[in-house]
Amino acid sequence: MDIFEKLTKRMGPIGEHFEWSHGYFSFPKLEGEIAPHMNFRGKEHLVWSLNNYLGLANHPEVRKADAQGAEDFGMAYPMGARMMSGNSKYHEQLEQELADFVGKEDAFVLNYGYQGMVSIIDALVDRKDVVVYDGESHACIIDGLRLHMGKRFVYKHNDIEDCRKQLERATKLAAATGGGILVITEGVFGMSGAQGKLKEIIDLKKDFNFRLLIDDAHGFGTMGPTGAGTHEAQNCIDGVDVYFGTFAKSMAGIGGFVASTKDLTNYFRYNLRSQTYAKALPMPMVIGLLKRLELLKNNPELREKLWKVATTLQNGLKERGFDIGVTDTVVTPVFLKGELLEATALTMDLRENYGIFCSIVVYPVIPKGMIELRLIPTAVHSMEDVQRTLDAFSEVSEKLKNGHYASAKIPVT
C-alpha cells in the first residue's frame with residue numbers, strides 16, 4: 001500500500017457524510033468592525049471560528065494604519081532577516097511596548113508564532129537539558145520538543161502532583177547530565193479553555209530549580225485586568241521566565257513575540273533559527289500591530305464586550321444542559337456524545353441548514369465516542385448571535401440523541 005492509499009484509508013468513509021471540497025468562504029466588505037459573518041456559496045453564515053477576539057480585524061483605525069504602512073513602505077520592506085537588513089525602529093518600538101505591557105524587560109517580535117515557538121524551545125535547551133511539559137500542549141510546542149535531543153517528561157494535563165513527580169525525575173537526570181530544566185505549559189489551553197496552573201507550577205520553584213515558559217496565545221489580550229495575559233490574571237508575572245504571545249488571536253494579525261529578561265531576549269535575537277534564516281515581519285503589519293496594541297491597551301470596553309458575549313453564551317449553554325467542560329476563559333467548548341460520522345453530519349447540518357459555522361474536534365484530540373464543537377466568541381458577536389446559536393444547538397443536540405445523524409445524510413445545496 002503506497003502513501004496515498006494509506007492516507008485515503010485513514011480518512012475512511014467520512015466522505016459519505018462530509019464533502020471535502022467546500023467551495024469558498026468570503027467576508028463582506030464593511031466600513032467598520034468586521035461582523036462574525038461570512039458568505040459561503042452565496043449564503044451568509046454566522047461564524048464562531050474567527051481569530052478576532054477583540055474585533056480589531058476590520059477596525060477603522062487598524063485599516064487606516066495598515067493602509068498607511070503599505071503606502072509608505074510597500075509590502076516588501078524590510079527586505080531581510082532581522083539580524084541582517086531586516087530591522088527597523090518600528091520593530092524595536094513594537095518590541096518595547098509589548099515588553100512593557102506584559103511585564104518583562106524586553107521582547108523579540110517573530111514573523112510567525114508557530115515557527116517562533118518551535119525555535120524558542122530549540123534555542124533554550126540542548127542535549128544535556130530536560131524538558132517537563134503539559135500533556136495537552138499545543139502542536140507548536142510538541143514540534144519544538146521533537147527537535148530536542150535531550151530527555152523530556154510529560155505530566156498529566158494540569159496535574160500539579162504529576163508535574164512534581166516529573167520534576168523529581170528531571171532533577172535526577174539533570175544532575176547526572178549537568179543540564180537544566182525547562183517547564184512548558186500554556187496560559188489558556190485553546191481546546192478546553194482551561195487556564196494553565198501557573199501559580200501552582202511557580203510554587204514548585206521552592207523545591208526545584210527550573211525555568212518556566214508559557215504559551216499564552218489565547219490569553220494575551222483577553223486575560224487579566226488590563227489584558228496583559230494569563231500571568232497577569234493569576235498575579236504571577238514575575239514567576240514566568242519566558243512569555244510567548246501571538247498576534248493571531250486578540251490582535252487579528254500575523255506573527256508573535258517572546259518576552260523575557262534583556263539578556264535572554266537578546267540571546268533569542270541571534271539564536272532563533274526560524275527568525276535568523278527568514279525574512280522579518282513586513283513593515284505594514286508591524287505598523288498595523290502598533291495600532292492594534294494601542295487599541296488593545298486603551299479600549300477596555302472591547303475586552304468587556306468579549307467577556308459579556310462569552311459569559312452569556314456559556315451560561316446559556318449550561319442552562320440548556322450542555323457540557324462545556326472546565327473552561328474559565330472565553331474559549332467555549334461544547335462536548336457531545338457521538339461518532340466521527342455523526343460529528344461531520346451534525347456540523348454540516350449546522351452549516352447548511354442553520355447557517356452556523358464552528359470548529360469540530362474529534363478523536364484522537366478527544367476520546368473516541370465524543371464530539372467537541374469549539375466556539376470562539378468575539379467582541380463583534382451580538383446577543384442575537386448568541387441566542388440564534390443556543391437555539392440551533394438545542395435542535396441539533398436533540399437530533400443527535402435521536403440517532404438522526406447516524407443514518408441520514410445531510411444534503412448540500
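Residues take their numbers from the sequence shown, with the count starting at 1. Computation of the quantities below employed the complete heavy-atom set of this structure, encompassing side-chain atoms and omitting hydrogens, waters and symmetry-equivalent molecules. Because the structure is a prediction, the values reported are computed rather than measured.
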Under 3.5 Å, which donor-acceptor pairs do the side chains of residues 177-193 form with other protein atoms, sequence neighbours left out?
| unit_1 | atom_1 | unit_2 | atom_2 | d |
| --- | --- | --- | --- | --- |
| T177 | OG1 | K128 | O | 2.7 |
| T177 | OG1 | L173 | O | 3.3 |
| T177 | OG1 | A174 | O | 3.4 |
| T177 | OG1 | G179 | N | 3.3 |
| E186 | OE2 | H138 | N | 2.6 |
| S192 | OG | A194 | N | 3.2 |

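Contact annotation: the side chain of K205 approaches that of D241 to within less than 4.5 Å [non-hydrogen atoms, C-beta and beyond]. At a threshold of 4.5 Å between non-hydrogen side-chain atoms, the residues Y354 and V396 count as touching. Side chains of L212 and I202 form a contact here, defined as non-hydrogen atoms less than 4.5 Å apart. Side-chain atoms of R320 and L390, non-hydrogen and from C-beta on, do get closer than 4.5 Å to each other. Taking 4.5 Å as the limit, every side-chain heavy atom of Y267 sits out of range of all side-chain heavy atoms of R269. The side-chain heavy atoms of F220 and L296, taken from C-beta on, include a pair separated by under 4.5 Å. Between L98 and L293, the closest side-chain pair of non-hydrogen atoms falls below 4.5 Å. Counting heavy atoms from C-beta on, the side chains of E168 and F208 come closer than 4.5 Å.
By the neighbour-count criterion of 12 heavy atoms within 6.0 Å, atom NZ of K165 is sparsely surrounded, having that number or fewer from other residues, nucleotides or ligands. Atom CZ of F322 sits in a crowded spot, with more than 12 heavy atoms from other residues, nucleotides or ligands closer than 6.0 Å. Atom NZ of K308 is surrounded by 12 or fewer heavy atoms from other residues, nucleotides or ligands within 6.0 Å. Sparse packing is recorded around CG of N235, with 12 or fewer heavy atoms of other residues, nucleotides or ligands lying under 6.0 Å away. Atom CE of M84 is surrounded by 12 or fewer heavy atoms from other residues, nucleotides or ligands within 6.0 Å. Residue-environment remark: CG (N298) exceeds the threshold of 12 foreign heavy atoms within 6.0 Å.
L373 contributes atom CG, which lies 4.5 Å from atom SG of C358 (distance to the nearest 0.5 angstrom). Atom NZ of K104 is separated from atom CD of Q96 by 14.0 Å, given to the nearest 0.5 angstrom. From K172, atom NZ reaches atom CG of L167 across 12.5 Å, with rounding to the nearest 0.5 Å. Separation of atoms CD1 (I214) and CD (Q234) is listed at 8.5 Å; rounding is to 0.5 Å. Taken from CZ in R152 to CD1 in I142, the straight-line distance is 7.5 Å, to the nearest 0.5 Å. Interatomic distance, CG of L124 versus CG of L264, reported as 6.0 Å (0.5 Å rounding).
Heavy atoms only, all atoms of each residue included: V118 and C140 are closest at CG2-O, 3.4 Å. For V109 against Q275, the heavy-atom pair with the smallest separation is O-OE1, 4.1 Å. Summarising the geometry of A379 relative to G55, their closest heavy-atom pair is CB-N, 4.3 Å, with the distance given to 0.1 Å. Smallest separation of non-hydrogen atoms from I356 and A392: CD1-CB, 3.5 Å. In plain terms, the two heavy atoms of R388 and G355 that are nearest each other are NH2-O, 3.0 Å. H381 and V309 make their closest contact through O-CG2, 3.5 Å (heavy atoms, listed as atom of the first residue, atom of the second, distance).
With no hydrogens or angles considered, no side-chain donor-acceptor pair links S394 and D391 at under 3.5 Å. For the 3.5 Å distance criterion, the side chains of T378 and N52 fail to qualify, holding no donor opposite an acceptor. In this model, a donor atom of one side chain and an acceptor atom of the other lie less than 3.5 Å apart for Q93 and E97. For the residue pair T265 and S260, no side-chain donor N or O sits within less than 3.5 Å of a side-chain acceptor on the partner. Side-chain contact of T332 with Q314: a donor-acceptor pair under 3.5 Å is present, judged by distance alone. When only modelled atom types and interatomic distance are considered, Y405 and D349 share a side-chain donor-acceptor pair under 3.5 Å. Looking only at atom types and distance, the side chain of Y155 has no donor-acceptor partner in the side chain of E161 under 3.5 Å away.
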task: Apply the test side-chain contact (heavy atoms from CB on, under 4.5 Å) to residues F257 and Y243: give CA-CA distance (whole Å), side-chain angles for both, the deciding distance (0.1 Å), then the verdict.
output: CA-CA 8 Å; F257 69 97; Y243 181 91; 3.7 Å; yes

task: Might you work through the side chain to side chain donor-acceptor pair (under 3.5 Å) test for D162 and Q166, ending with a clear yes or no?
output: CA-CA 6 Å; D162 194 38; Q166 303 312 319; 3.2 Å; yes

- request: Show your reasoning for whether salt bridge (Lys or Arg N to Asp or Glu O under 4.0 Å) applies to R211 and D129.
  value: CA-CA 11 Å; R211 279 185 171 178; D129 300 318; over 6 Å; no

- request: Evaluate side-chain contact (heavy atoms from CB on, under 4.5 Å) for L147 paired with I121, printing each intermediate quantity in order.
  value: CA-CA 8 Å; L147 294 177; I121 296 171; over 6 Å; no

task: Applying side-chain contact (heavy atoms from CB on, under 4.5 Å), run through C163 and D159 and close with a yes or a no.
output: CA-CA 6 Å; C163 183; D159 188 326; over 6 Å; no

task: Starting from the C-alpha separation in whole Å, work towards a yes-or-no answer on side-chain contact (heavy atoms from CB on, under 4.5 Å) for L204 and I160.
output: CA-CA 9 Å; L204 292 174; I160 298 303; 4.2 Å; yes

- prompt: Between D134 and S137, does a side chain to side chain donor-acceptor pair (under 3.5 Å) hold up when you go through it step by step?
  reply: CA-CA 6 Å; D134 190 285; S137 294; 4.8 Å; no

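With T344 contributing its side chain and L341 its backbone, the two residues share a donor-acceptor pair below 3.5 Å. Distance alone, capped at 3.5 Å, places no donor-acceptor pair between the T276 side chain and the M83 backbone. Using modelled atom types, no side-chain atom of E398 and backbone atom of E395 make a donor-acceptor pair closer than 3.5 Å. A distance-only check finds a donor-acceptor pair linking the side chain of T222 to the backbone of H218 [under 3.5 Å].
Relative to the six-membered ring of Y53, K249 misses at least one condition, a distance below 6.0 Å or an angle of at most 45° to the axis.
Between R146 and D143 there is a salt bridge, with a side-chain nitrogen of the basic residue lying less than 4.0 Å from a carboxylate oxygen of the acidic one. Between K89 and E92, none of the side-chain N atoms (NZ, or NE/NH1/NH2) sits under 4.0 Å from a carboxylate O, so this pair counts as no salt bridge. Between K262 and E105 there is no salt bridge, since no side-chain N of the basic residue sits under 4.0 Å from a carboxylate O of the acidic one. Salt bridge annotation for D207-R164: present, with a cationic side-chain nitrogen under 4.0 angstrom from a carboxylate oxygen. Electrostatic pairing of R82 and E95 counts as a salt bridge here, judged by a charged N lying under 4.0 Å from a carboxylate O. The residues K297 and D100 are annotated as not salt-bridged, no charged nitrogen and carboxylate oxygen being separated by less than 4.0 angstrom.
With sequence neighbours left out, F393 forms a ring-ring contact (aromatic ring centres under 6.0 Å, His included) with no residue at all.
A centroid separation of less than 6.0 Å is found between the aromatic rings of Y90 and F73.
Just one residue in the list V326, N158, T230, D216 forms a side-chain contact (heavy atoms from CB on, under 4.5 Å) with Q195, and that residue is T230.
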